[in-house]
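This structure is in structure tokens; I'll ask about it shortly.
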There are 2 protein chains.
Amino acid sequence: MRFERAEHCDCTVIHEDAIKMVQEKLPEYQLIYEVSQLFRTFGDPTRARILCALKEAELCVCDLSALLSISQSAVSHQLRILKGMRMVKSRRNGKVVYYSLADEHIEALFRIAFTHVTEE
Amino acid sequence: MRFERAEHCDCTVIHEDAIKMVQEKLPEYQLIYEVSQLFRTFGDPTRARILCALKEAELCVCDLSALLSISQSAVSHQLRILKGMRMVKSRRNGKVVYYSLADEHIEALFRIAFTHVTEE
DNA sequence: TTATCATATGAACAACTGTTCATTCGATAA
DNA sequence: TTATCGAATGAACAGTTGTTCATATGATAA
């Protein structure tokens with residue numbers, strides 16, 4: 001009984017048993033996709049810097065703009081993305097909108113990533 | 001004494017103290033950049049699927065191609081990127097090249113990310 | 001009301017990314 | 001050698017992304 005070959009692969013499958021075993025353990029595509037989207041959002045230096053700053057304190061758009069030397073518009077656009085991914089939350093006080101990290105998971109992921117990068 | 005405003009921001013800086021405090025704690029740009037590049041590499045669904053598969057077993061390019069229904073060329077290109085980021089390692093045995101995760105950090109990061117995504 | 005300030009957003013554009021296709025490389029076997 | 005197979009790679013291309021610029025909101029103060 002041969003492994004059913006994917007149309008995209010014109011090679012001979014060499015390790016049928018391994019493939020079958022992995023196939024059973026592999027998470028659903030949707031789940032992997034969501035995880036990758038989470039990582040992708042971290043994966044832009046500007047967003048990463050914004051998150052790092054918000055890790056330390058609640059800040060308004062203008063603070064972030066000045067602190068990171070990024071235009072107000074760019075900060076605002078990125079905050080919109082971060083909010084869409086539920087990584088930051090905001091509250092308005094008069095004209096000023098304050099942003100902070102949505103939950104402690106974000107901070108935890110960063111801590112681990114920094115450990116990983118600085119360890120080697 | 002006023003906070004020195006960045007040229008990109010035409011707003012009035014509102015929270016000088018907060019900015020000053022965050023500025024001291026903020027990691028260097030280079031470090032944040034490296035972390036974001038690490039995340040970015042995870043941030044593509046194809047690469048994430050390859051890494052998930054390699055988490056379970058050592059596999060050759062052909063195995064991955066068949067298992068994930070991705071062309072051999074696409075798999076090979078992505079493995080090149082993953083290897084460049086030191087996230088996978090490879091060994092050649094005759095015509096076949098076997099890939100596996102570079103270290104246990106990769107697996108750990110995935111575990112946490114999955115927990116995060118599935119928790120909410 | 002009008003003016004001003006902080007923020008948000010749409011459009012445009014350049015830069016980047018991931019795939020496909022065609023080809024090449026590297027190793028083995030005939 | 002020549003043929004074959006698994007893997008790697010360069011070029012091209014479509015799709016995506018992040019920034020800038022201009023403008024629009026939304027809230028406050030005059």
Side-chain angles (χ1 to χ4, degrees), chain A residues 5-16 18-19 33 36-37 39-51 58-85 88-99, chain B residues 5-15 18-19 33 36-37 39-51 58-85 88-100:
Chain A
R5 299 198 302 187
E7 53 179 305
H8 283 289
C9 178
D10 57 353
C11 308
T12 303
V13 173
I14 301 173
H15 311 93
E16 300 184 20
I19 289 176
Y33 180 79
S36 71
Q37 288 308 106
F39 280 130
R40 173 177 286 254
T41 307
F42 280 105
D44 173 70
T46 300
R47 286 193 293 270
R49 291 210 296 154
I50 290 173
L51 291 169
E58 183 188 60
L59 295 168
C60 70
V61 177
C62 199
D63 292 339
L64 287 166
S65 178
L67 174 66
L68 305 173
S69 297
I70 300 164
S71 74
Q72 177 269 315
S73 179
V75 171
S76 209
H77 277 298
Q78 297 298 357
L79 284 171
R80 192 169 191 266
I81 292 171
L82 291 169
K83 202 175 178 185
M85 295 295 289
V88 304
K89 58 177 188 260
S90 66
R91 71 178 173 89
R92 180 182 275 273
N93 191 344
K95 284 183 281 190
V96 183
V97 179
Y98 294 91
Y99 284 86
Chain B
R5 301 197 302 185
E7 53 179 305
H8 283 290
C9 180
D10 56 353
C11 308
T12 304
V13 172
I14 302 174
H15 311 93
I19 288 176
Y33 180 79
S36 71
Q37 287 308 106
F39 280 130
R40 174 178 286 252
T41 308
F42 281 105
D44 174 69
T46 300
R47 286 194 292 270
R49 291 211 296 155
I50 289 173
L51 291 169
E58 183 188 61
L59 295 168
C60 69
V61 177
C62 198
D63 292 338
L64 287 166
S65 177
L67 173 67
L68 305 174
S69 297
I70 300 163
S71 74
Q72 176 267 315
S73 179
V75 171
S76 209
H77 277 297
Q78 297 298 358
L79 284 170
R80 192 168 191 266
I81 292 170
L82 290 169
K83 201 175 179 185
M85 294 295 289
V88 303
K89 59 177 188 257
S90 64
R91 71 180 172 88
R92 180 180 275 274
N93 190 343
K95 285 183 281 190
V96 183
V97 179
Y98 294 91
Y99 284 86
S100 54

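As the structure is a computational prediction, the values presented were derived from the model and not from experiment. Every chain is numbered from 1, with letters handed out A, B, ... down the list of sequences.
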What's the angle between the local helix axes at either end of the helix from dT1(C)-dA30(D) to dA30(C)-dT1(D), using five pairs per end and rounding to 10 degrees?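 For the helix from dT1(C)-dA30(D) to dA30(C)-dT1(D), the axes at opposite ends meet at about 10°.
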
Test side chain to side chain contact (heavy atoms under 4.5 Å, CB included) applied to Ser76(A) - qualifying residues, sequence neighbours left out: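 If we apply the side chain to side chain contact (heavy atoms under 4.5 Å, CB included) test to Ser76(A), skipping adjacent residues, the hits are Gln72(A).
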
Looking at SG of Cys62(A) and CD1 of Ile19(B), how far apart are the two atoms once the value is rounded to the nearest 0.5 Å?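 Reported value, rounded in 0.5 Å steps: 7.5 Å.
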
Just the rounded figure in Å: distance from C1' of dG26(C) to CZ of Arg91(B).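 Value for this atom pair: 17 Å.
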
How would nucleotides 24-30 of chain D be written as a contact map, 5' to 3', with B for base contact, S for sugar-phosphate-only contact and - for no contact, using protein heavy atoms under 4.0 Å? --BBS--

Residues in side chain to side chain contact (heavy atoms under 4.5 Å, CB included) with Arg40(B), at least two apart?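 Side chain to side chain contact (heavy atoms under 4.5 Å, CB included) list for Arg40(B), sorted by chain: Asp44(A), Gln37(B).
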
Write down the distance between CE (Met85(B)) and P (dG18(C)), rounded to a whole number of angstrom.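 Whole-Å distance recorded here is 12 Å.
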
Between dT20(C) atom C1' and Ile70(B) atom CD1, what is the distance in whole Å?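 Those two atoms, CD1 and C1', are 14 Å apart.
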
If I take atom CG in residue Leu67(A) and atom C1' in nucleotide dA6(C), what distance separates them, rounded to the nearest angstrom?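 It works out to 17 Å between those atoms.
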
If the condition is ring pair (Phe, Tyr, Trp, His ring centres under 6.0 Å), which residues does Tyr99(B) pass it with, not counting sequence neighbours?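 For Tyr99(B) there are no ring pair (Phe, Tyr, Trp, His ring centres under 6.0 Å) partners, ignoring immediate neighbours.
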
Spacing of Ile81(A) atom CD1 relative to dT7(C) atom P, expressed in whole Å: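 Ile81(A) atom CD1 is separated from dT7(C) atom P by 18 Å.
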
Starting from the 5' end of DNA chain C, give me the residue, Arg40(A) or Cys60(A), whose nearest nucleotide shows up first.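 Nearest-nucleotide comparison on DNA chain C picks Cys60(A).
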
Quick one: Asp44(A) CG to dT16(D) P, roughly how many Å, whole number?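 After rounding, the gap between these two atoms is 17 Å.
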
The criterion is side chain to side chain donor-acceptor pair (under 3.5 Å); which residues satisfy it with Lys95(B), sequence neighbours excluded?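 Applying side chain to side chain donor-acceptor pair (under 3.5 Å) to Lys95(B) gives none.
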
Arg47(B) side chain vs Arg49(B) backbone, donor-acceptor pair below 3.5 Å: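 A pair under 3.5 Å: no.
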
Qualifying salt bridge (charged side-chain N to carboxylate O under 4.0 Å, His left out) pairs, either residue in residues 66-81 of chain B, two or more places apart: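 Counting only pairs at least two positions apart or across chains, no salt bridge (charged side-chain N to carboxylate O under 4.0 Å, His left out) contact touches residues 66-81 of chain B.
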
Nearest-nucleotide comparison on DNA chain D, the residue closer to the 5′ end among Val96(B) and Arg47(A):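 Looking at the nearest nucleotide for each, Val96(B) comes out on the 5' side.
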
Who passes side chain to side chain donor-acceptor pair (under 3.5 Å) against Ser100(B), sequence neighbours left out?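 By the side chain to side chain donor-acceptor pair (under 3.5 Å) rule, Ser100(B) matches no residue at all.
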
If you look at every strand shown and take non-hydrogen atoms under 4.0 Å, does Tyr99(B) touch a base, only sugar-phosphate, or nothing?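 Result for Tyr99(B) = sugar-phosphate.
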
Tell me whether the OP1 or OP2 atom of dT19(C) has a side-chain N or O from Gln78(B) closer than 4.0 Å.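 For dT19(C), OP1 or OP2 has a side-chain N or O of Gln78(B) closer than 4.0 Å.
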
For the pair made of CZ in Phe42(B) and C1' in dT17(C), what is the distance, rounded to whole Å?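 So the two atoms are 18 Å apart, to the nearest Å.
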
Is the distance from OP1 or OP2 of dC21(D) to the nearest side-chain N or O of Ser71(A) less than 4.0 Å?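 No, outside the criterion.
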
Nearest-0.5 Å distance, CG of residue Leu82(B) to CG of residue Leu51(B):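 The CG atom of Leu82(B) sits 5.0 Å away from the CG atom of Leu51(B).
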
Applying the side chain to side chain contact (heavy atoms under 4.5 Å, CB included) criterion to Leu59(B), which one of Leu68(B), Leu64(B), Val75(B) satisfies it?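 Output: one option passes, namely Leu64(B).
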
Using nucleotides 9-13 of chain C, report all nitrogen or oxygen pairs with the protein that are shorter than 3.5 Å.
| from | atom 1 | to | atom 2 | distance (Å) |
| --- | --- | --- | --- | --- |
| dT9(C) | OP2 | Arg80(A) | NE | 2.8 |
| dT9(C) | O4 | Ser73(A) | OG | 2.7 |
| dG10(C) | O6 | His77(A) | NE2 | 3.0 |

Gap between atoms OH and P, on Tyr98(B) and dG26(C) respectively (whole Å):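 So the two atoms are 20 Å apart, to the nearest Å.
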
Run the side chain to side chain donor-acceptor pair (under 3.5 Å) test against His77(A) and tell me which residues pass, sequence neighbours left out.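 Testing His77(A) for side chain to side chain donor-acceptor pair (under 3.5 Å), a comparison that skips the adjacent residues, returns none.
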
When you measure from the side chain of Ser90(A) to the backbone N and O of Tyr98(A), does any donor-acceptor pair fall under 3.5 Å?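 Checking the backbone N and O of Tyr98(A) against the side chain of Ser90(A), no donor-acceptor pair under 3.5 Å is found.
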
